[in-house]
Amino acid sequence: MTGSRRLIIAVDGPAAAGKGTLAKALAERLALPYLDTGLLYRAVARRVLDHGEDPVLQGEQHAKAIEPADLERDDLRVPEVDRAASLVARQPAVREALLERQRSVGRVHGAVVDGRDIGTVVFPDADLKLFITASPEVRAQRRYRQRHGEDCQDAELLAQEVAAIVARDEQDASREVSPLKPADNAVQILTDHMDAESVLDRVLTLLQERRA
Ligand code: CDP
C-alpha cells in the first residue's frame, strides 16, 4: 500500500448498500477526492430520457457530451432515472465513453471511488477494494429513508422498493460488460447490522492494519 497521496480506494456494491455514505466519509477523513461514478450513468440516463430516447439503445453520444452541470441536477436520484441508468450502463459504448473520465480523476489526485466495477475494471490496481452490501430489505428501507426522511411503515410500498432494487441488481450483475461483482481481492462488508459510523470505523481499522 502506498502513502495517502494518490491512494485509490474502490467502493463497489449493489444499489443503496451505503457505498456513497461510506465513500464520502472516507474521502473526508483521508483528504481525498470523492468520485461518485453512478452519477455519471445517472446523468447519461437523464439526458436520454429528456430527449425522449430509449435507454436500452441510446446513450453513447450523451456519455461523450456530459458537462459538469449535468451532474448537478436535482432530478438524478428519482426512480425513473434509477431504472434508466442501469439500462444505459449495459451498453459497452457508454461504459467506454465514461472510462477515461473516471480514471483521470483518480490518477492525478487519488480518490475514493464509488460504483459497481471500480475494483474490477476502472481501477483494477486500487490500493484497497471494498464490496459493501446488505440484504435487499435493509437496502430498500435505507433508500426510502434517504428519499422521504423517515422509515417506510407501509409493507406494500416497501415490497415495491425491494422489487425495484432486486431488479436493478439483477440487471447490473447480469450484463456482459463490467458486471456488478466483487473483485477477487475485495474485502466484503455486510452492513445489515452496522450503522454508517461502524462501517467507517471498520474500514479505517482495515487501512491501518494494511499500512502497519
Ligand atoms: O445509489 P445507487 O447505489 O442506487 O446507484 P448508483 O451508484 O447511483 O448507480 C446507478 C446505476 O449506474 C447502477 O444501477 C448501475 O447500473 C450504474 N453504474 C454502473 O454500471 N457502474 C458504475 N461504476 C456505477 C454505476
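For ligands, and for the atoms within them, numbers begin at 1 and follow the listed sequence.
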For atom 8 (O) of ligand 1, the closest protein heavy atom turns out to be Arg42 NE, 2.7 Å
Any nitrogen or oxygen of Asp114, main chain or side chain, under 3.5 Å from a nitrogen or oxygen of ligand 1? no
Provide, to 0.1 Å, the distance between atom 20 (O) of ligand 1 and the closest protein heavy atom, together with that atom's residue and name. Arg95 NH1, 2.8 Å
So, His62 versus Glu53: side-chain donor-acceptor pair below 3.5 Å or not? yes
Tell me whether Ile132 is reachable from Leu200 by hopping between hydrophobic residues (I, L, V, M, F, W, Y) whose side-chain heavy atoms are closer than 4.5 Å. yes
Nitrogen or oxygen of Lys19 less than 3.5 angstrom from that of ligand 1: yes
Would you mind listing which atoms of ligand 1 come within a distance below 4.0 Å of any non-hydrogen atom of Ser86? 14 (O), 16 (O)
Has ligand 1 got any nitrogen or oxygen that is less than 3.5 angstrom from a nitrogen or oxygen of Ala16? yes
So, Ser198 and Asp195: side-chain donor and acceptor under 3.5 Å apart, yes or no? yes
Could you tell me whether some N/O pair between Tyr41 and ligand 1 is separated by less than 3.5 angstrom? no
Part of Arg116 within contact of ligand 1 (heavy atoms, under 4.0 Å): both
Within one Ile-Leu-Val-Met-Phe-Trp-Tyr cluster: Val122 and Ile66, side-chain cutoff 4.5 Å: no
Do Arg143 and Gln146 have side-chain atoms, one donor and one acceptor, less than 3.5 Å apart? yes
Which residue and non-hydrogen atom of the protein lie closest to atom 24 (C) of ligand 1, and at what distance in Å? Thr37 OG1, 3.4 Å
Quick one: does Arg90 get a heavy atom under 4.0 Å from ligand 1? no
Protein residue, atom and distance nearest to atom 10 (C) of ligand 1, heavy-atom basis: Arg168 NH1, 3.6 Å
Give me the nearest non-hydrogen protein atom to atom 17 (C) of ligand 1 as residue plus atom name, then the distance to 0.1 Å. Ala89 CB, 3.8 Å
Smallest separation among heavy atoms of Gln91 and Val56, with atom names: NE2-O, 3.4 Å
Check: Tyr41/Arg95 side-chain N/O donor and acceptor closer than 3.5 Å: yes
Which atoms of ligand 1 sit under 4.0 Å from any heavy atom of Arg175? 16 (O), 19 (C), 20 (O), 21 (N)
At a non-hydrogen distance cut-off of under 4.0 Å, which region of Gln146 contacts ligand 1 (side chain, backbone, both, or neither)? neither
Hydrogens and angles aside, do Thr205 and Arg210 bring a side-chain donor and acceptor to less than 3.5 Å of each other? no
Heavy-atom pairs closer than 4.0 Å: do any link ligand 1 to the side chain of Arg143, the backbone, both, or neither? side chain
Do the side chains of Asp125 and Arg107 get close enough for a salt bridge, i.e. N-O under 4.0 angstrom? no
Salt bridge flag under 4.0 Å for residues Arg145 and Asp151: yes
Tell me, which protein residue and heavy-atom name are nearest atom 16 (O) of ligand 1, and how many Å apart are they? Asp172 OD1, 2.6 Å
